[in-house]
Amino acid sequence: MDYNFREIEQKWRTFWGENKTFKTVEDLEKPKFYVLDMFPYPSGAGLHVGHPLGYIASDIYARYKRLQGYNVLHPMGYDSFGLPAEQYAIETGQHPAVTTEQNIKRYRQQLDKIGFSFDWDREIRTSNPDYYKWTQWIFKQFFNSYYDNKADKAKPIGELIKIFNEKGNKDVDTSNSCSIVFTAEEWRDFSEERQQEILQDYRLTYLAETWVNWCPKLGTVLANDEVVNGRSVRGNHPVVQKKMLQWSMRITAYAERLLQGLEQLDWSDAIKEQQRNWIGKSVGASVFFMIDGHNEKIEVFTTRPDTIFGVSFMVLAPEHLLVEKITTSEYKEKVTEYQKEASLKTERDRQANVKDISGEFTGAYAIHPFTGEKIPIWIGDYVLASYGTGAVMSVPCGDQRDWDFAKYFNLPIKNIFKDIDVSEGAYTEKDSVIDNSDFLNGLPYKEAFEKAIEEIEKRGFGQKKINYRLRDAVFSRQRFWGEPFPIYYKGNTPYVIEDEYLPITLPKVDKYLPTEDGDPPLARAKREDWNYFNGDRMEYNTMPGWAGSSWYFVRYLDPKNDDEFVAKDKVEYWKNVDLYIGGSEHATGHLLYARFWTKFLYDLGYLPFDEPFQKMINQGMILGRSSLAYRIKDSNTFVTLSKKDDFEASAIHVDISLVDNDKLNVERFREWREEYKNAEFITEEDGSFICGSEVEKMSKSKYNVENPDDLVERFGADTLRMYEMFLGPLEQSKPWDTKGINGVHNFLRKFWRLFHDKEGNFAVSEEKPSKESLKTLHKTIKKVTEDLNRYSFNTVVSTLMICVNELNDQKCHHREVLEPLTVLISPYAPFIAEELWTKLGHEEGTVSQASFPVFEEQYLVESSHEYPVSFNGKMRFKLELPLDLAPKDIEKVILEHEKSQKWLDGKIPKKVIVVPGKIVNVVV
RNA sequence: GCCUGGGUGGCGGAACUGGUAGACGCGCUGGAUUCAAAAUCCAGUUCCGGCAACGGAGUGCGGGUUCGAUUCCCGCCCCAGGUACCA
């Protein structure tokens with residue numbers, strides 16, 4: 001019997017499904033291992049060959065760990081709230097739940113074909129009320145918590161209220177946005193509404209007026225990472241700035257812990273660095289400058305307090321609140337004009353004109369805190385209102401932007417660096433010695449930095465300060481297809497809904513669009529459409545896409561629990577994810593938010609770990625290889641690749657199924673589309689038409705998409721799995737090439753043939769295999785184990801190929817070799833392995849319950865080694881020598897060898913290096 | 001600009017801690033089988049010279065350390081991803 005992969009794969013797919021082979025239960029006897037994929041959004045387009053890449057790798061690893069005796073948790077689910085389903089609903093009136101359900105069905109079918117060992121009993125969907133009940137519950141925990149800076153953790157808001165009642169807010173050290181100070185008496189006298197308003201400033205999720213990225217076309221707010229170059233990532237629509245009352249998450253309270261936590265994670269440097277940059281910690285000082293003739297001061301943030309004596313002017317952002325107050329009448333007109341211009345500029349324009357220097361003098365002066373000098377105050381749009389305090393102390397000798405500004409407006413440039421020339425530009429290195437700076441003179445950077453802060457604090461015009469670029473995360477979306485908030489309003493005051501009424505399910509609406517007043521779609525629901533209603537109105541916003549994905553990895557541990565988001569004993573057993581595989585595009589979104597929520601739930605004692613994903617691998621993208629035909633301008637004539645430069649021709653994407661090895665099937669091309677029916681061709685000399693090619697993203701519009709279903713049908717899932725791994729290192733982006741899949745398919749057939757005779761009968765020998773075959777086997781076990789341990793999935797495939805090639809040459813058909821080899825290959829090619837495992841006589845279990853073979857040194861012991869002999873580092877010949885030969889004797893044998901004579905050419909070698917068991921190098 | 005990766009045959013890639021560069025696969029060339037094709041099998045395939053034995057060059061470029069460098073160090077070029085008036 002030949003290798004009938006279709007029959008075999010169908011058989012085992014059914015078997016695994018019926019027997020729930022990969023169902024996982026807690027087992028305290030076994031060590032746990034949690035392997036997780038980033039769960040997909042089930043889009044209508046289905047999967048292309050790039051999607052399963054990460055899933056295949058994680059599945060291989062999950063199967064490998066299982067064979068090693070671990071209790072492996074390997075679940076899958078769907079991030080099923082999202083914009084595409086909603087857009088489709090707007091267009092067709094179809095409820096997003098319906099389309100989502102259909103898409104999930106299709107995803108499941110495609111996934112099942114590939115033979116993943118997921119425990120489908122643990123499947124979750126973020127849009128399922130059983131699931132989002134707990135997303136709402138977690139939101140409530142954020143609402144009911146504040147951040148205690150002293151304890152460096154979140155605590156119940158009740159504790160804070162108690163403190164307010166007893167002592168007011170004077171001494172509390174929290175992460176907050178409260179700008180007033182009150183006593184206990186005052187607190188108690190506040191109205192309920194006022195108290196709630198103040199508490200908002202302390203809660204870890206709170207309502208606040210915020211500048212948001214508003215996308216008019218999508219009718220929603222977008223997160224910063226959903227906007228690129230002033231346009232929405234989804235749909236590429238323009239995005240403008242708008243002020244709205246929004247729910248926010250106080251992620252800034254966790255900035256330092258999110259930064260520190262990275263140290264202990266086994267993630268790529270690139271991702272860690274991205275998160276570090278995103279958090280953007282800078283250490284410096286906050287300094288106050290009095291304004292001459294006003295009872296006002298300007299607060300600036302600087303990372304270079306050591307250069308404070310170099311300040312020769314100040315610049316405020318055009319939007320800065322003090323500008324109105326301090327501008328003198330003489331300069332009023334110009335300043336107002338400049339402010340107007342700046343406000344009209346979009347963020348994009350400001351970025352595009354980095355080189356254009358602009359600004360206006362306000363007519364006002366600040367007083368230098370140390371020297372008492374009068375410093376002119378300017379406004380300029382290179383200072384951003386949204387960062388720091390929106391004001392800078394300008395030190396032209398130490399900052400290039402300040403230097404440029406000073407040069408342009410002819411402002412003084414005071415040099416405070418010893419022996420450094422600043423006439424051509426600012427000196428931004430930190431290796432100089434301070435000069436011209438009173439008490440800082442003669443100090444190097446680090447000492448001057450500390451000394452400056454010390455003096456600033458001592459004299460009371462500022463303090464050391466740490467600034468973060470990270471902003472609180474906006475948590476409201478004006479969409480329908482998301483989690484409703486567990487919130488109702490009395491007047492303008494929000495109240496959370498009691499646990500017993502959760503989940504608050506999505507109400508029925510007549511349309512999925514905003515109302516005429518611009519309220520979100522949920523405002524369309526009538527009172528009776530809600531499964532719970534209280535107060536004057538319900539919250540109309542829904543949660544953002546990242547809400548459900550910020551904690552889903554926990555729900556897999558206990559997916560059906562209706563009393564808790566996860567049971568204590570389950571989370572104690574499984575803990576966090578040991579291996580997480582997914583794309584790197586989530587670096588500053590999902591991966592940051594999930595870490596934030598985990599730390600928060602850890603603070604409240606709900607989770608026994610504070611980092612969700614211990615080890616992460618980011619798989620690269622599989623790119624498509626597009627085929628291009630060149631059409632001569634204004635004609636229907638196409639020209640073959642080698643002659644295209646003789647014409648004025650433009651490239652047209654051709655469906656890759658019409659092209660074989662760059663050769664276009666001209667007949668089928670004519671049939672492909674009506675417009676090419678009468679196409680003419682200028683061919684190569686041999687009459688063939690050759691296409692050009694380009695490596696780019698897989699997309700329908702480029703006709704370069706390969707569908708995994710087709711490949712499974714033609715070659716089998718085992719072949720597809722192995723080939724995707726064989727393409728190259730997992731993390732790397734690489735082009736897809738369907739041609740190469742044959743090589744892997746042939747390998748599996750060769751492997752199958754080791755177990756069968758010429759007639760196709762199962763024929764495995766019970767005799768003792770040769771020493772050589774055992775050596776091949778154990779060499780392979782060793783390499784495969786090592787490679788899997790370092791996640792080198794591609795080289796494992798090569799190793800297995802080499803092994804099968806060698807066994808084939810050795811005519812090895814022995815059980816003692818083939819049985820362990822079957823287990824070895826099973827993580828990659830589970831279907832064929834199951835079939836052969838059964839044939840080998842294991843009727844009882846499946847190969848997934850076998851034990852991973854362990855390599856034995858004894859089979860690899862060599863008595864001799866083929867020494868490469870180099871002369872001056874260049875390998876010239878090889879010589880087989882016993883391994884127990886002493887280096888001195890090796891040297892002797894080599895030098896006396898006839899081939900050496902030629903290279904020595906009568907000369908005496910200067911030096912002979914013998915590395916026993918490795919190489920010999922002769923220096924002439 | 002800054003940060004993080006990376007640059008090896010016609011292509012994807014291998015070489016894990018400095019020790020035979022190009023494993024494995026694709027493609028290509030030749031041969032066997034076949035009426036023919038597909039499939040399969042065998043041989044060859046880094047480049048240059050040579051029928052060959054063999055010789056020379058060679059891991060983006062230039063330099064260095066070393067008996068020996070794809071691997072380590074210095075300078076530069078190019079590609080990909082991220083990020084940006086962040087004070």
Side-chain angles (χ1 to χ4, degrees), chain A residues 268-278 280-282 284 300-304 307 314-315 317 350-357 380-384 386-395 398-402 404-405 467-469 584-585 587-588 618 620-621 625 661-662 693 695 722-723 726-729 731-747 749 783 786-787 789-790 792 794-805 866-878 902 909-915 917-924:
Chain A
S268 75
D269 288 338
I271 296 273
K272 285 196 198 180
E273 200 57 27
Q274 269 184 60
Q275 291 211 346
R276 280 189 202 110
N277 289 340
W278 193 258
K281 179 181 185 176
S282 27
V300 299
F301 172 71
T302 177
T303 55
R304 295 295 301 274
T307 63
M314 303 195 77
V315 184
R350 278 211 200 180
Q351 277 178 30
N353 302 321
V354 174
K355 291 269 148 61
D356 291 353
I357 294 161
D381 68 2
Y382 82 95
V383 177
L384 304 175
S386 59
Y387 183 78
T389 60
V392 299
M393 55 175 228
S394 295
V395 184
D399 183 288
Q400 192 56 45
R401 289 158 307 170
D402 295 347
D404 292 338
F405 196 87
N467 211 37
Y468 298 93
R469 201 184 76 105
S584 56
E585 66 273 21
T588 53
N618 307 108
M621 209 187 322
R625 188 169 180 277
N661 216 5
D662 291 341
S693 68
V695 170
M722 284 208 123
Y723 185 55
F726 187 59
L727 279 177
E731 296 94 326
Q732 207 170 294
S733 287
K734 55 239 158 192
W736 177 263
D737 172 22
T738 299
K739 271 242 141 3
I741 203 168
N742 267 315
V744 173
H745 189 61
N746 285 340
F747 155 73
R749 294 175 49 180
K783 181 90 164 78
E786 281 170 1
D787 285 358
N789 287 343
R790 62 190 175 101
S792 177
N794 55 328
T795 51
V796 171
V797 182
S798 314
T799 306
L800 291 168
M801 284 174 169
I802 293 165
C803 175
V804 166
N805 286 345
E866 192 178 38
Y867 280 91
V869 181
S870 312
F871 287 80
N872 294 330
K874 196 94 191 159
M875 205 278 288
R876 294 304 178 183
F877 63 91
K878 292 175 191 171
K902 177 180 168 188
K910 267 195 205 137
K911 202 170 175 186
V912 180
I913 284 118
V914 177
V915 185
K918 283 247 168 87
I919 54 108
V920 177
N921 189 21
V922 183
V923 187
V924 186

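Small disclaimer: the values here were computed from a predicted structure and weren't measured. In what follows, every chain begins at residue 1, and chains take the letters A, B, ... in the order their sequences are listed.
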With a 4.0 Å limit, can you tell me whether [X] has a side-chain N or O closer than that to the phosphate oxygens OP1/OP2 of [N]?
| X | N | answer |
| --- | --- | --- |
| A:Asn921 | B:rG19 | no |
| A:Asn805 | B:rC24 | no |
| A:Lys878 | B:rU20 | no |
| A:Tyr867 | B:rU20 | no |
| A:Arg469 | B:rA87 | no |
| A:Arg401 | B:rG1 | no |

Exercise. Among side-chain atoms of A:Tyr382 and A:Asp402, is any donor-acceptor pair under 3.5 angstrom?
Worked result: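 A:Tyr382 vs A:Asp402: donor-acceptor pair found between side chains.
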Nearest listed nucleotide, side chain of [X], among [options]:
| X | options | result |
| --- | --- | --- |
| A:Pro868 | B:rU20, B:rA39, B:rC86 | B:rU20 |
| A:Trp278 | B:rA14, B:rC86, B:rU83 | B:rU83 |
| A:Lys734 | B:rA21, B:rG13, B:rC24 | B:rG13 |
| A:Glu273 | B:rA87, B:rC24, B:rU4 | B:rU4 |
| A:Lys783 | B:rC16, B:rC26, B:rG58 | B:rC16 |
| A:Asp269 | B:rG5, B:rA21, B:rC85 | B:rG5 |
| A:Ser282 | B:rU40, B:rA87, B:rA84 | B:rA87 |
| A:Gln732 | B:rC26, B:rG13, B:rC24 | B:rG13 |

Separation between the [atom1] atoms of [N] and [M], rounded to whole Å:
| N | M | atom1 | result |
| --- | --- | --- | --- |
| B:rU83 | B:rU46 | C1' | 40 Å |
| B:rU8 | B:rU70 | P | 15 Å |
| B:rC77 | B:rA23 | C1' | 30 Å |

Exercise. More 5' along RNA chain B: A:Ser798 or A:Val915, using each one's nearest nucleotide?
Worked result: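 Mapping each residue to its closest nucleotide by heavy atoms, the 5'-most match is A:Val915.
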Problem set entry | Syn or anti conformation of B:rG75, syn meaning chi within 90° of 0 |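 B:rG75: anti.
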